[in-house]
Colleague: 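Sending over a structure as structure tokens; questions will come in a sec.
Model, not experiment: these values are computed from the prediction. Each chain gets a letter, A, B and so on, in the order its sequence line appears, and its residues count up from 1.
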2 protein chains.
Amino acid sequence: MKIGELAKRSGLSTHTIRYYERIGLLPVADRDAGGRRDYDAEILAWIEFLDRLKTTGMPIRDMLRYAALRAAGDATMAARREQLEAHRDAVRARVAELQACLLVLDTKIDGYVEAEERMQTHEHDTRNTGRDAAE
Amino acid sequence: MKIGELAKRSGLSTHTIRYYERIGLLPVADRDAGGRRDYDAEILAWIEFLDRLKTTGMPIRDMLRYAALRAAGDATMAARREQLEAHRDAVRARVAELQACLLVLDTKIDGYVEAEERMQTHEHDTRNTGRDAAE
DNA sequence: CTAGGGGTTCGAGCGCACTCCAAGTCAAGC
DNA sequence: GCTTGACTTGGAGTGCGCTCGAACCCCTAG
């Protein structure tokens with residue numbers, strides 16, 4: 001698979017793929033006869049996983065750490081597990097934080113709804129659209 | 001309240017407070033005789049709310065829009081409500097996305113746990129620590 | 001044989017949200 | 001009166017994660 005194809009399938013731009021390779025997030029790609037990058041389908045699963053990490057807010061430097069551990073082989077499994085566990089905990093905390101904020105947002109929105117209803121009720125006071133102002 | 005005091009109470013740095021004022025997120029502060037900013041305690045509630053918006057991922061340009069509507073008075077209540085509703089929906093979607101990622105993370109972690117157990121079980125194969133290797 | 005549409009590199013530029021620096025002013029305590 | 005420390009301004013710098021541009025190369029179809 002060429003880089004353009006991989007871009008289509010992974011959702012990353014070719015620029016981003018090369019950037020990720022440059023910084024070490026993606027392995028250095030094999031090249032074809034003409035010197036172009038040629039990817040194995042297997043890379044897609046890794047990109048997808050990186051995307052999960054990104055989606056959940058892991059900074060690139062941490063992904064790099066994970067990628068480095070992974071590249072170092074089986075001996076680093078425990079370290080990788082620990083890193084993912086720590087990240088999972090952080091994500092859970094983030095979810096809790098967002099949920100707390102959602103409550104506040106809901107309350108705020110309710111406040112607006114009520115205020116709007118009050119304005120509706122007393123509309124004739126300022127806009128003379130009630131029956132009092134007919135004609 | 002001076003800017004340093006507000007910084008302490010709000011958790012923002014004085015730099016950030018001035019920056020927020022510059023871009024219009026905070027109202028232009030009143031000044032004391034010496035030309036220093038002097039804040040009313042009421043500003044804290046607004047900063048706290050801004051902080052919720054920030055925490056939930058609202059970009060500053062959207063907060064500016066909200067702040068502008070707010071400054072424009074009661075006539076913009078419906079627009080503000082709509083903006084908050086849209087934001088709330090986005091936050092909910094984000095929470096759902098994070099929760100989906102959490103499932104993937106959990107699965108991945110479980111995979112590591114199992115792999116580590118397998119290594120433990122077959123440890124003697126490579127490290128000769130089982131009873132087979134006693135002596 | 002030529003045009004097009006990939007691909008390559010390197011380095012610069014961008015948008016966001018701060019964060020900091022320099023140089024100066026001002027008020028209060030010793 | 002002098003020091004200390006918080007305040008003022010404007011503008012530059014930072015860190016992150018891309019994103020783009022320029023100039024070039026190479027394969028394939030017409």
Colleague: Which pair of heavy atoms, one from A:L64 and one from A:G24, lies closest together, and at what distance?
Modeller: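 Looks like CD2-C, 3.7 Å.
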
Colleague: Which pairs with one or both residues in residues 54-80 of chain A pass salt bridge (charged side-chain N to carboxylate O under 4.0 Å, His left out), sequence neighbours excluded?
Modeller: A:D51-A:K54

Colleague: Near DNA chain C, counting only heavy atoms under 4.0 Å, which residues of residues 42-51 of chain A show up?
Modeller: none

Colleague: Does any pair with a residue in residues 95-105 of chain A pass salt bridge (charged side-chain N to carboxylate O under 4.0 Å, His left out), and if so which ones, sequence neighbours excluded?
Modeller: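 Counting only pairs at least two positions apart or across chains, the salt bridge (charged side-chain N to carboxylate O under 4.0 Å, His left out) contacts touching residues 95-105 of chain A are A:R94-A:E97.
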
Colleague: Under the side-chain hydrogen bond (donor to acceptor under 3.5 Å, both in side chains) test, which residues partner B:E82, sequence neighbours left out?
Modeller: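 B:E82 satisfies side-chain hydrogen bond (donor to acceptor under 3.5 Å, both in side chains) with no other residue.
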
Colleague: Does any pair with a residue in residues 89-119 of chain B pass ring pair (Phe, Tyr, Trp, His ring centres under 6.0 Å), and if so which ones, sequence neighbours excluded?
Modeller: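 Matches after skipping sequence neighbours: none remain.
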
Colleague: Please list, chain by chain and in numerical order, all residues satisfying side-chain hydrogen bond (donor to acceptor under 3.5 Å, both in side chains) with B:T56, sequence neighbours excluded.
Modeller: B:H87

Colleague: Encode nucleotides 2-18 of chain D as B, S and - characters from 5' to 3', where the letter depends on protein heavy atoms closer than 4.0 Å: B to the base, S only to sugar-phosphate, - to neither.
Modeller: ----BSBB------SBB

Colleague: If the condition is side-chain hydrogen bond (donor to acceptor under 3.5 Å, both in side chains), which residues does B:E85 pass it with, not counting sequence neighbours?
Modeller: B:R81

Colleague: Just jot down the side-chain hydrogen bond (donor to acceptor under 3.5 Å, both in side chains) partners of B:E21, sequence neighbours excluded, or say none.
Modeller: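 B:E21 satisfies side-chain hydrogen bond (donor to acceptor under 3.5 Å, both in side chains) with B:R37 only.
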
Colleague: Not counting sequence neighbours, list each pair that qualifies as a side chain to side chain donor-acceptor pair (under 3.5 Å) and has a residue in residues 102-111 of chain B.
Modeller: A:R88-B:D106

Colleague: Can you give the first and last nucleotides of DNA chain C, 5' to 3', that have an atom under 4.0 Å from a heavy atom of chain B?
Modeller: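 Listing 5' to 3', DNA chain C meets chain B from C:dC16 to C:dA27.
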
Colleague: Taking only residues at least two apart or on different chains, which pairs with a member in residues 11-65 of chain B satisfy ring pair (Phe, Tyr, Trp, His ring centres under 6.0 Å)?
Modeller: B:F49-B:Y66

